[in-house]
Participant: 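Just dropping this structure here.
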Amino acid sequence: MTNIEKMSVNAIRILSADAIQKANSGHPGTPLGCAPVAYELWTKHMNHNPADPEWTNRDRFILSGGHASMLLYSLLHLFGYGNLSKEELMNFRQFGSRTSGHPEYRLIPGIEATMGPLGAGMGMAVGMAIAEKHLAAVFNKESYPVVDHYTFVLGGDGCMMEGISSEAFSLAGTLGLSKLIVLYDSNHISIEGDTQLAFTENVEKRMEAFGFQTLCVEDGNDLEAVGRAIEEAKADTSRPSFITIHTQIGYGCPAKQGKASAHGEPLGVENVAAMRQNLDWPYEEAFYVPDEVYRHFDETAAQLAETEAVWKVMFAAYCEEYPEMETLWEQYHAGTGAIAKALLEDESFWKPGEKAEATRAISGRVINKLKDLQSNLLGGSADLAPSNKTKMNDEGDFSIENPSGRNLHFGVREMAMAAIGNGLILHGGIRSYVATFFVFSDYLKPMARLSAIMRVPLIYVFTHDSIGVGEDGPTHEPVEQLAMLRAMPGIRVIRPCDAVETAAAWYEAITSEEEPTALILSRQNLPLLKGTSRDALKGGYVLSDCEGTPEIILIASGSEVSVAVGAKEILAEEGRKVRVVSMPSMELFDEQPEEYRESVLPKTVRRRVAIEALSSFGWGKYVGLDGAYVTVDDFGMSGPAKQLFEHYGFTAEHVARVAKSL
C-alpha cells in the first residue's frame with residue numbers, strides 16, 4: 001500500500017468515525033473495517049463517473065449493510081458526488097440532512113438504492129444484474145458492447161443470515177448472472193457478539209451450491225489481494241462471484257477493534273483520539289482531510305470520466321450504424337407519457353367485459369396488450385404465473401440461454417422477487433411487475449415498503465384476493481392484507497370490480513413515475529356491471545345513483561360491488577333512495593379535490609355501509625360513526641366460495657337488511 005493509498009483509506013475511516021462521534025449515533029465498525037475494500041473497488045475496479053452519476057453504463061454499487069452508511073457518504077464526499085460537502089458529513093443523522101442514518105435513494109447522487117433492512121440490497125443487486133444481462137442481450141451488437149457493466153454488492157454476516165439473501169442468490173446462480181459480484185465482509189461479529197452464537201455454517205459452500213464462483217481474501221487490509229480477487233471474479237463469464245473478505249470490525253481503534261461494541265455505537269472521544277494515533281493520522285482536527293488526499297480522488301475521478309468519454313464515442317458510432325437501435329434505446333429510457341397517451345386514446349383498452357370473468361383473467365389480457373406497447377416490460381410470478389395470469393405470450397423466458405426473454409420465473413421466493421423487481425427498475429431502462437397470491441403479500445411486505453420509500457414504480461399483481469379463495473381455507477384467504485397495504489404510505493392499492501376498472505388499474509400502474517401500485521384481483525368470476533367507467537381513475541365514483549339526495553350510500557370494492565348493486569335494487573323496490581359507490585382505490589380517491597369527494601360522499605348522508613370481503617379496518621373514514629360494515633374480521637373458513645360469501649353476509653339481501661337497520 002502506497003502512502004497516498006494509506007492516507008486515502010484512513011481518510012475514509014477518520015471521516016466516518018468523526019461523523020458518528022459528532023452525531024453521537026451510528027455504526028463505525030464496518031466503515032473502519034471495510035474502508036480498504038471500498039477504496040480499492042471504487043478507485044481501481046469500478047467504472048463510475050462522479051461528474052455524471054446517471055451514466056447508463058456505470059457499474060452499480062449497493063451497500064447492503066446500510067447501517068455502514070458513513071462508509072458510502074465518505075466515498076461520495078471524497079469523490080465529489082452531488083456536491084456532498086464536509087458540512088453535510090458533520091450533520092450526519094441530523095434532522096433534514098441528506099446524510100441520513102441509512103442511505104436513501106434520490107437524496108444524494110451515487111446512492112443506487114435505499115439500504116437498511118439487512119439482505120435487501122442483495123436482492124436488489126440481483127435485480128440490477130438481471131437488468132444488465134437483459135439489456136445487453138437486446139442492445140449489444142458485435143463491436144458495440146453498449147451495455148457492459150457490473151453490479152457490486154457489499155454486505156456482512158447479518159445480510160447472509162437473512163433468508164432473502166439465500167432466495168436471491170439461489171436464483172442468481174440459476175440464471176448465471178456473471179456480472180454480479182458479492183463482497184462479503186466476514187468479521188464474525190454481530191450485535192449480540194461473536195457469530196459463533198448463531199451462525200456457524202460454511203457460507204462459501206452454500207454459495208458454491210448456489211452456483212457461484214467463490215473466492216477468499218484473508219486480509220481485508222491487503223489492497224492487492226482484494227484487487228486480484230475482484231479481477232478474478234470479473235474473469236468468470238459464466239457464474240456470479242462471491243468474495244469472502246476477512247476484516248476486523250472497528251479496525252484501527254485499539255479499544256474496540258474486533259469487538260461487538262464497535263458495531264452500533266460511537267467509539268467515544270478518547271477512542272477516536274487513540275485511533276488517530278494508532279493509524280498514524282497526525283491531524284487532530286475533526287473532519288480534516290489533507291489536500292493531497294482530495295487531489296488524489298480528483299485525479300481518480302478525472303480518469304473515471306475518461307472511461308465514460310470513450311463509451312460515449314462508441315455509443316455515437318453505434319447509433320450512427322444502427323439508428324433503429326437508437327430509437328429503441330430512447331424508448332426504453334423514456335418516461336411514461338407516450339404509453340399514457342396511447343392508452344387513453346385506445347377505446348379497445350377500455351372495452352367493457354362480455355361475460356362474467358375473474359379480474360385476474362382480465363388482467364392477463366391487459367398484460368398481453370401492454371407488452372406490445374411497453375417493449376421494456378419484464379415481469380413474472382413466484383411460481384404462480386398460470387394462476388396469476390401474468391405470462392406474456394410469445395416473449396420467451398429469461399434464462400442463461402435466453403437473456404432476451406421477458407418472462408421472469410422467480411420460483412417460490414416472494415421476498416427476493418420483490419427486491420429483484422425493485423432492482424430492475426432502479427437499474428434504469430426497465431419497467432417491471434411481480435406477482436403472487438394476495439395472502440403471500442406478507443412474505444414480501446418489507447420490500448414493498450422499500451418500493452414506497454424509494455418511490456419506485458414497481459407493479460404488484462396480487463390475485464386470489466379474498467375469502468373467494470374458498471376451499472384452501474384460512475391459511476390462503478387474505479383478510480388483513482388489504483388494510484396492511486392501505487396503511488403503507490406511498491403505494492397505490494387498486495381493487496377493481498370488472499374489465500373497465502381493471503383497465504384503469506393497469507393504466508395507473510403502467511403510467512406511474514414514482515409510486516408502486518398493488519393490483520388486487522379476484523380468483524372467482526365477477527358478474528358484468530353497468531355504470532363502470534374511466535372515473536375509476538379517480539379512485540371512487542358513483543356507479544349507480546338515485547334521484548335527488550340519497551338516504552343511504554353503499555360503498556364497495558372488487559367482487560362486492562355487484563353485491564352492493566343488488567342490495568340497492570332491493571332497497572329501491574321498497575322506495576329507498578340509495579347510491580352505490582365503487583371504491584377501487586382509497587389512495588386515488590383521497591387525492592381528488594374536496595369538491596369531488598363531497599359530490600361522491602356528501603357529508604349530510606350519514607347512513608353508509610362499507611362492503612368488502614376483507615377486514616373492516618380502514619373503512620371508518622368513509623363510513624363514520626353512524627355507518628355499518630359488511631366485512632370479514634376473522635381468518636375465514638374452508639369451503640366453496642359461494643357458501644363462504646353467504647355465511648359472511650355478502651348477499652344483496654343481507655346488505656339491504658344492514659342498510660335498513662341504520
Side-chain angles (χ1 to χ4, degrees), residues 62 64 113-114 117-134 151 153 159 162-175 177 180 210 240 360 363-364 367 377-392 395 397-399 403 405-427 430-454 456-465 476 478 481 484-485 488 491 509 516-521:
I62 305 296
S64 187
T114 294
L118 291 179
M122 301 297 190
M124 288 189 283
V126 171
M128 292 181 184
I130 290 173
E132 191 277 342
K133 189 165 186 172
H134 177 77
T151 300
V153 57
C159 290
E162 290 285 1
I164 187 173
S165 62
S166 288
E167 287 185 22
F169 291 152
S170 175
L171 184 59
T174 298
L175 296 175
L177 301 178
L180 174 66
F210 287 154
R360 61 171 173 149
S363 171
I367 288 172
L377 182 65
L378 271 70
S381 172
D383 198 48
L384 290 170
S387 294
N388 297 148
K389 308 300 182 185
T390 49
K391 183 178 177 62
M392 288 183 275
E395 294 299 334
D397 299 327
F398 181 91
S399 64
R406 295 170 64 185
N407 288 293
L408 298 171
H409 296 274
F410 294 102
V412 188
R413 303 182 179 99
E414 291 87 357
M415 186 180 283
M417 172 181 69
I420 290 167
N422 284 335
L424 284 164
I425 296 176
L426 288 167
H427 177 278
I430 298 291
R431 293 303 301 261
S432 189
Y433 62 85
V434 297
T436 187
F437 290 163
F438 190 28
V439 74
F440 300 142
S441 61
D442 289 338
Y443 280 134
L444 58 74
K445 187 260 184 183
M447 298 304 106
R449 188 172 187 269
L450 278 182
S451 301
I453 290 173
M454 293 187 290
V456 167
L458 181 61
I459 301 167
Y460 292 87
V461 180
F462 294 126
T463 69
H464 297 59
D465 69 343
H476 281 56
Q481 283 76 12
M484 171 190 76
L485 287 181
M488 189 186 300
I491 186 170
T517 304
L519 308 181
I520 316 300
L521 307 172

Participant: Suppose we screen for side chain to side chain contact (heavy atoms under 4.5 Å, CB included). Which residues come up paired with Leu384, at least two apart in sequence or across chains?
Facilitator: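 Result, side chain to side chain contact (heavy atoms under 4.5 Å, CB included) vs Leu384: Ser381, Asn388, Thr436, Phe437.
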Participant: Sequence neighbours left out, what passes side chain to side chain contact (heavy atoms under 4.5 Å, CB included) with Glu162? Give chain and number order.
Facilitator: Leu118, Ile164
Participant: Hey, does Leu408 have a side-chain heavy atom less than 4.5 Å from the side chain of Leu424?
Facilitator: yes
Participant: About how many Å separate CE of Met128 and CD1 of Ile62, when rounded to the nearest 0.5 Å?
Facilitator: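 Ile62 atom CD1 to Met128 atom CE measures 3.5 Å (nearest 0.5 Å).
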Participant: At their closest point, which heavy atom of Ala172 faces which heavy atom of Pro240, and how far apart are they?
Facilitator: O-CG, 3.9 Å
Participant: Report the residues that fulfil ring-ring contact (aromatic ring centres under 6.0 Å, His included) with Phe169, sequence neighbours left out, ordered by chain and then residue number.
Facilitator: Phe212
Participant: Kindly indicate whether the side chain of Tyr460, heavy atoms from C-beta on, has any atom under 4.5 Å from the side chain of Ser441.
Facilitator: no
Participant: Run the side-chain hydrogen bond (donor to acceptor under 3.5 Å, both in side chains) test against Ser166 and tell me which residues pass, sequence neighbours left out.
Facilitator: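 Expected list: Arg206.
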Participant: With sequence neighbours excluded, tell me which residues meet side-chain hydrogen bond (donor to acceptor under 3.5 Å, both in side chains) with Ser363.
Facilitator: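 With sequence neighbours excluded, Ser363 shows a side-chain hydrogen bond (donor to acceptor under 3.5 Å, both in side chains) to Trp506, given in chain and number order.
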Participant: For Arg449, which residues count as a side chain to side chain contact (heavy atoms under 4.5 Å, CB included) partner, sequence neighbours excluded?
Facilitator: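 By the side chain to side chain contact (heavy atoms under 4.5 Å, CB included) rule, Arg449 matches Lys445, Ile453, Met488.
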Participant: Report yes if some heavy atom in the side chain of Leu450 is under 4.5 Å from a heavy atom in the side chain of Met124; otherwise report no.
Facilitator: yes
Participant: Determine whether Val456 and Leu426 make a side-chain contact, defined as any pair of heavy atoms from C-beta on separated by less than 4.5 Å.
Facilitator: yes
Participant: Does Phe398 reach the side chain of Leu175, with side-chain heavy atoms less than 4.5 Å apart?
Facilitator: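 SC-SC contact between Phe398 and Leu175 confirmed.
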Participant: Looking only at heavy atoms, which two atoms of Met392 and Gly379 are closest? And how far apart?
Facilitator: CE-N, 3.8 Å
Participant: Mind jotting down which residue pairs meet the salt bridge (charged side-chain N to carboxylate O under 4.0 Å, His left out) criterion with at least one end in residues 120-133? Sequence neighbours excluded, please.
Facilitator: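 Qualifying pairs: Glu132-Lys179.
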Participant: Do Ser432 side-chain atoms and Leu378 backbone N/O form a donor-acceptor pair below 3.5 Å?
Facilitator: yes
Participant: Would you say the side chain of Asp465 lies within less than 4.5 Å of the side chain of Leu521, judging by non-hydrogen atoms?
Facilitator: no
Participant: Please find the pair of heavy atoms, one from Thr390 and one from Ala435, that lie closest to each other, and give the distance.
Facilitator: CG2-CB, 3.6 Å
Participant: Between Val439 and Gln481, does the side-chain contact (heavy atoms from CB on, under 4.5 Å) criterion hold? Intermediate values first, please.
Facilitator: CA-CA 7 Å; Val439 74; Gln481 283 76 12; 3.9 Å; yes
Participant: When rounded to the nearest 0.5 angstrom, what is the spacing between CD1 in Ile459 and CD1 in Ile367?
Facilitator: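 CD1 of Ile367 is found 8.5 Å from CD1 of Ile459.
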Participant: Please enumerate all residues that pass salt bridge (Lys or Arg N to Asp or Glu O under 4.0 Å) together with Arg413, with sequence neighbours excluded.
Facilitator: none
Participant: So do the side chains of Phe438 and His464 get within less than 4.5 Å of each other, counting heavy atoms only?
Facilitator: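 Phe438 vs His464: side chains apart.
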Participant: Mind checking the CD1-CG spacing from Ile130 to Leu177? Nearest 0.5 Å is all I need.
Facilitator: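 Result: 5.5 Å between the selected atoms.
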Participant: What are the two closest heavy atoms between Ala120 and Ser64, and how far apart are they?
Facilitator: N-OG, 4.2 Å
Participant: Report the residues that fulfil salt bridge (Lys or Arg N to Asp or Glu O under 4.0 Å) with Asp397, sequence neighbours left out, ordered by chain and then residue number.
Facilitator: Lys391
Participant: Backbone N or O of Gly119 within a donor-acceptor pair of the Ser165 side chain at under 3.5 Å?
Facilitator: no
Participant: So, the side chain of Arg360 versus the backbone of Ser387: is there a donor-acceptor pair under 3.5 Å, distance only?
Facilitator: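 Yes; judged by distance alone, with no hydrogens or angles, the pair exists.
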Participant: Partners of Tyr433 by side-chain hydrogen bond (donor to acceptor under 3.5 Å, both in side chains), sequence neighbours excluded?
Facilitator: none
Participant: Please tell me if the side chains of Leu444 and Met417 come closer than 4.5 Å, counting only heavy atoms from C-beta onward.
Facilitator: yes
Participant: Please determine whether side-chain contact (heavy atoms from CB on, under 4.5 Å) holds for the pair Ile520 and Leu485, giving the CA-CA distance in whole Å, both sets of side-chain angles, and the decisive distance to 0.1 Å.
Facilitator: CA-CA 10 Å; Ile520 316 300; Leu485 287 181; 4.2 Å; yes
Participant: List the steps, then state whether side-chain contact (heavy atoms from CB on, under 4.5 Å) holds for Leu519 with Phe462.
Facilitator: CA-CA 6 Å; Leu519 308 181; Phe462 294 126; over 6 Å; no
Participant: Give the minimum heavy-atom separation between Leu458 and Ser451, together with the two atoms involved.
Facilitator: CD2-OG, 4.1 Å
Participant: With sequence neighbours excluded, what pairs up with Tyr443 under the side chain to side chain contact (heavy atoms under 4.5 Å, CB included) test?
Facilitator: Glu414, Phe440
Participant: Give, for atom NE2 of His409 and atom CG of Asn407, the distance between the pair rounded to the nearest 0.5 Å.
Facilitator: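 Between His409 NE2 and Asn407 CG, I get 5.5 Å after rounding to 0.5 Å.
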Participant: Taking only residues two or more places apart in sequence or in another chain, which ones pass side-chain hydrogen bond (donor to acceptor under 3.5 Å, both in side chains) with Glu167?
Facilitator: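 None.
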